[in-house]
Trainee: 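The structure that follows is given in the form of structure tokens.
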Amino acid sequence: ISPGSNLNTMKTLVTGNGMITEMFYDKNLNLYSYQATKEVDDYNSIYTARSFLRTVKEIRNSEEKTLFSFKDPIIHLNGKGFLGFHETETKNIRNSIQVSASTQFSKLVTIEGNSKYMLLPDSIVNKVYYNTVSVRKINYSTKTISNNKYIITDNISSEDNVNNTITKQ
């Protein structure tokens, strides 16, 4: 992830055995950008809090390519910076056929009775040849230990569509 410029991006990687891997990038707009008015010394100035992140879109070599999709970047409202993406997806393609894919959905989880929050995984969907093979869902709660509040994993539910099983941890 780069803050929107061409700095800190790599375009080509050559391995020790001579395989060339190319990297391509994309821009992800912050959907929560807004226009605001600020009063300074009796003047109203209008500014836009737009931002975008430069993310890896595709990595490819002669044998395969991996596509990346990042949706809904989440920026901390009190200035602590970039927290992550609501949805990330990775697809592995060989010979023009998608052999696997993984999508992770995240959500903001607040610490109960506190204004603090974290971006944590909510569910993960795994696919092989376009078929969903597993879905994992994660639930959280707030626990107090020695007067400190923590977000902990309550349970993880895993659905395996290959073996037709559901597991709860």
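Since the model is a prediction, treat every value here as computed from it, not as a measurement.
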Trainee: Do Ser141 and Asp154 have side-chain N/O donor and acceptor atoms under 3.5 Å apart?
Mentor: yes
Trainee: Mind checking whether Val99 and Tyr129 have side chains closer than 4.5 Å, heavy atoms only?
Mentor: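 Yes - at least one pair of side-chain heavy atoms lies under 4.5 Å apart.
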Trainee: When rounded to the nearest 0.5 angstrom, what is the spacing between CD in Gln98 and CG in Asn92?
Mentor: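 Going from CD on Gln98 over to CG on Asn92, the span is 8.5 Å.
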Trainee: Answer yes or no: does atom CE of Met118 have more than 12 heavy-atom neighbours from other residues, nucleotides or ligands under 6.0 Å?
Mentor: no
Trainee: Contact between Ser102 and Ile124 at the side-chain level, heavy atoms closer than 4.5 Å - yes or no?
Mentor: yes
Trainee: Which pair of heavy atoms, one from Ser106 and one from Pro121, lies closest together, and at what distance?
Mentor: OG-CA, 3.9 Å
Trainee: Measure the spacing between CD of Glu22 and CD of Glu58 and express it to the nearest 0.5 Å.
Mentor: 8.5 Å
Trainee: Atom CD1 in Ile138, atom CD in Gln169: separation rounded to 0.5 Å?
Mentor: 9.5 Å
Trainee: Could you pull out the closest heavy-atom pair between Glu63 and Arg94, with the gap in Å?
Mentor: O-CG, 4.0 Å
Trainee: If two hydrophobic side chains count as joined below 4.5 Å and joins carry through other members, does Tyr140 share a cluster with Ile152?
Mentor: no
Trainee: Determine the minimum heavy-atom distance between Leu67 and Ile93, stating which atoms define it.
Mentor: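 Smallest interatomic distance, heavy atoms only, reads CD1-CD1, 3.5 Å.
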Trainee: In the structure I gave you, are the side-chain heavy atoms of Thr15 and Asn61 within less than 4.5 Å of one another anywhere?
Mentor: no
Trainee: Got more than 12 heavy atoms from elsewhere within 6.0 Å of CG, Asn17?
Mentor: yes
Trainee: Please examine the side chains of Glu87 and Thr103, heavy atoms only from C-beta on, and report whether any two atoms are closer than 4.5 Å.
Mentor: yes
Trainee: Mind listing the closest non-hydrogen atom pair of Tyr130 and Lys127 along with its distance?
Mentor: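 Looks like O-CD, 4.3 Å.
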Trainee: Same cluster or not: are Phe105 and Ile156 linked, directly or through other Ile, Leu, Val, Met, Phe, Trp or Tyr residues, by side-chain heavy atoms under 4.5 angstrom apart?
Mentor: no
Trainee: Measuring from atom OG1 of Thr153 to atom CG of Leu120, what distance do you get when rounded to the nearest 0.5 angstrom?
Mentor: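 Output value for this atom pair is 7.5 Å.
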Trainee: Please determine whether the number of non-hydrogen atoms from other residues, nucleotides or ligands lying under 6.0 Å from atom NZ of Lys137 exceeds 12.
Mentor: no
Trainee: Evaluate the side-chain hydrogen bond (donor to acceptor under 3.5 Å, both in side chains) criterion for residues Asp160 and Ser134: first the C-alpha distance (whole Å), next the side-chain angles of each, then the deciding distance (0.1 Å), finally the verdict.
Mentor: CA-CA 5 Å; Asp160 182 346; Ser134 67; over 6 Å; no
Trainee: Any donor and acceptor pair, going by atom type alone, linking the side chain of Asn95 with main-chain N or O of Ile97 inside 3.5 Å?
Mentor: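 No.
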Trainee: Could you go step by step and tell me if Leu108 and Leu83 meet the side chain to side chain contact (heavy atoms under 4.5 Å, CB included) rule?
Mentor: CA-CA 9 Å; Leu108 287 172; Leu83 297 176; 4.0 Å; yes
Trainee: Rounded to the nearest 0.5 Å, what separates atom CG in Asn126 from atom OG in Ser100?
Mentor: 8.5 Å
Trainee: Start with the C-alpha distance between Phe68 and Thr90, add both sets of side-chain angles, then the distance that settles side chain to side chain contact (heavy atoms under 4.5 Å, CB included), and finish with yes or no.
Mentor: CA-CA 5 Å; Phe68 300 92; Thr90 305; 3.9 Å; yes
Trainee: Between atom CD1 of Ile151 and atom NZ of Lys143, what is the distance when rounded to the nearest 0.5 Å?
Mentor: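 Those atoms lie 12.0 Å apart.
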Trainee: Checking Tyr25 side chain against Met10 main chain: does a donor-acceptor pair fall under 3.5 Å?
Mentor: yes
Trainee: Could you walk me through whether Thr142 and Tyr150 pass side chain to side chain contact (heavy atoms under 4.5 Å, CB included), step by step?
Mentor: CA-CA 5 Å; Thr142 303; Tyr150 299 94; over 6 Å; no
Trainee: Under a 3.5 Å distance rule, please check whether Asp26 uses its side chain to pair with a backbone N or O of Lys57 as donor and acceptor.
Mentor: no
Trainee: Quick check: is Phe85 connected to Val125 through a chain of hydrophobic side chains (ILVMFWY, heavy atoms under 4.5 Å apart)?
Mentor: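 No, Val125 and Phe85 fall in different hydrophobic clusters.
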